Amino acid sequence: MKKTAKANSNIALVKYWGKRNEQIILPTNSNISMTLSGFNTTTTVEFSSDYKQDQVELNEQNLSEGRELEQIVKHLDLIRRQAGMEEKAKVVSKNNFPTAAGLASSASGFAALSLAASKAAGLNLDKKELSILARQGSGSASRSVEGGFVEWLKGSKEDGSDSFGNQIAPPEHWPEFRMITTIVATEEKKIKSRAGMKQTMKTSPYYKGWLDTVEEDFNVVRKGILDKNFSVVGKTAQKNALKMHATMQTTLPPIIYWNPATMRILHSVIEWHESGMDCFFTIDAGPNVKVLCLEKDVEELKKRIEALDGVKEAIVCEPGEEAKTIEKHLF
Ligand code: 2P0
């Protein structure tokens with residue numbers, strides 16, 4: 001009844017920004033990500049009749065109340081219902097990167113929790129079933145179940161059975177692809193993605209423009225990955241991220257995740273690109289920019305990024321592996 005899983009985070013090249021169903025988390029548009037090597041969550045789950053209530057420890061802190069605990073308990077309830085059991089659980093989870101700094105900790109977190117808890121509950125889910133389960137914890141987690149380049153299909157069914165993460169290509173398909181994650185802030189962001197995307201759908205006049213054009217970005221990036229066409233993937237991913245930020249910046253009240261260091265990186269990447277360097281950027285719901293490049297340019301770009309004012313760290317990520325169970329438990 002005790003299992004441990006490790007899942008990598010992912011960064012979207014075509015973003016998920018909006019839900020067509022908030023209860024079971026279905027997206028308004030299909031989206032694409034790369035699973036990252038290096039940023040991961042390890043989670044151990046044990047179900048036992050000895051536990052009187054669910055206990056959750058996240059990054060060495062016991063969660064006694066709050067939204068995070070509620071989301072995790074709700075997810076455990078879903079797994080207990082699927083497994084036909086009632087035992088409470090102990091969950092211990094650790095990220096190897098700062099939580100909620102726009103580095104998609106909910107993606108690796110719910111992917112690891114789904115895998116560890118479903119195995120501990122005796123369920124033997126296939127990849128698709130596991131992704132559907134992870135999706136209901138946090139949308140982006142549906143993509144972290146798989147490795148390499150992954151699409152999360154929006155699906156059309158009301159029950160969500162056709163909305164899951166699907167591998168477009170494994171890490172070995174394009175091992176030269178890099179994302180340099182720049183850390184400019186490590187504090188928790190004020191507006192979570194969940195609230196941000198809801199507010200955007202409700203009040204941004206540009207959301208319609210997002211919906212009208214995102215499918216084309218999806219098709220272009222998908223083909224670009226299969227063709228290993230870096231300039232097509234990079235250019236389209238950058239445009240897609242800026243479009244997403246344009247929708248959130250035009251909500252009421254506005255959501256602006258960028259800080260001066262973010263702007264400095266964006267301008268620099270554009271300038272470097274104009275002077276012949278193969279580089280683009282993407283940004284999620286936070287201030288940390290991810291610079292997209294190929295292995296050949298990583299050393300030079302890392303040096304340039306680290307020299308920019310306000311950059312605390314630049315971490316190079318490669319295409320990473322799928323979520324896996326491991327033997328070493330956290331308790
Ligand atoms: C993405 N983000 O595609 C987009 C881009 C943030 C910006 O997926 O409400 O934490 O739990 O489904 O998955 C972050 O949203 O939101 C996210 P919920 P989630 O990576």
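When a ligand or atom number is given, it counts from 1 through the structure's own listing order. Given the structure is predicted, the values throughout are model-derived calculations rather than measurements.
A cation-pi arrangement is absent between K88 and F47 under the rule of less than 6.0 angstrom and at most 45 degrees off the ring axis.
Taking a 4.0 Å cut-off on heavy atoms, D284 registers as neighbouring ligand 1. For R143, the heavy-atom gap to ligand 1 drops under 4.0 angstrom. Using a 4.0 Å heavy-atom cutoff, R135 is absent from the residues neighbouring ligand 1. The shortest heavy-atom distance from K192 to ligand 1 is not under 4.0 Å.
Within the 4.5 Å cutoff, side-chain heavy atoms of K192 are placed close to those of R67. Two residues are said to be in side-chain contact when any heavy atoms from C-beta on lie closer than 4.5 Å; L36 and M179 meet this criterion. Between K198 and E22 the shortest side-chain heavy-atom distance falls below 4.5 Å. Between Q82 and L123 the shortest side-chain heavy-atom distance falls below 4.5 Å.
Residue M197 has at least one heavy-atom neighbour below 4.0 Å for each of these atoms of ligand 1: 15 (O), 16 (O). For ligand 1 and G139, the ligand atoms under 4.0 Å from any heavy atom of the residue are 11 (O), 12 (O), 13 (O), 18 (P). Numbered from 1 in the order shown, with element, the atoms of ligand 1 that lie under 4.0 Å from a heavy atom of A285 read 7 (C). Ligand-side atoms of ligand 1 in range of K19: 9 (O), 12 (O), 18 (P), range being under 4.0 angstrom from any heavy atom. Remark: ligand 1 atoms within the under-4.0 Å shell around heavy atoms of S193 are 6 (C), 14 (C), 15 (O). Close approach to I25 involves these atoms of ligand 1, each under 4.0 Å from a residue heavy atom: 12 (O).
If you look at S140 next to ligand 1, the close heavy atoms, those under 4.0 Å, come from the backbone and the side chain alike. Contacts between I11 and ligand 1, counted as non-hydrogen atom pairs separated by less than 4.0 Å, are absent for every part of the residue.
Below 3.5 Å of separation, one finds no N or O of K15 facing any N or O of ligand 1. Residue R194 has at least one N or O atom closer than 3.5 Å to an N or O atom of ligand 1. Between S138 and ligand 1, at least one pair of N/O atoms sits closer than 3.5 Å. The shortest N/O to N/O separation between A12 and ligand 1 does not fall below 3.5 Å.
Ionic pairing of K74 and D77 is not present here: no N-O contact between side-chain nitrogen and carboxylate oxygen is shorter than 4.0 angstrom. D162 and K154 are not joined by a salt bridge, as no carboxylate oxygen comes within less than 4.0 angstrom of a charged side-chain nitrogen.
By heavy-atom distance, the residue among S105, S106, A134, P27 lying nearest atom 10 (O) of ligand 1 is S106.
Checked options N124, T4, T325; the residue passing with K119 is N124 (criterion: side chain to side chain donor-acceptor pair (under 3.5 Å)). Between D217 and the choices K243, K235, K223, the salt bridge (Lys or Arg N to Asp or Glu O under 4.0 Å) rule is met once, by K243.
A centroid separation of less than 6.0 Å is found between the aromatic rings of Y16 and W152.
The aromatic rings of H245 and W258 sit tilted relative to each other, their planes meeting at an angle between 30° and 60°.
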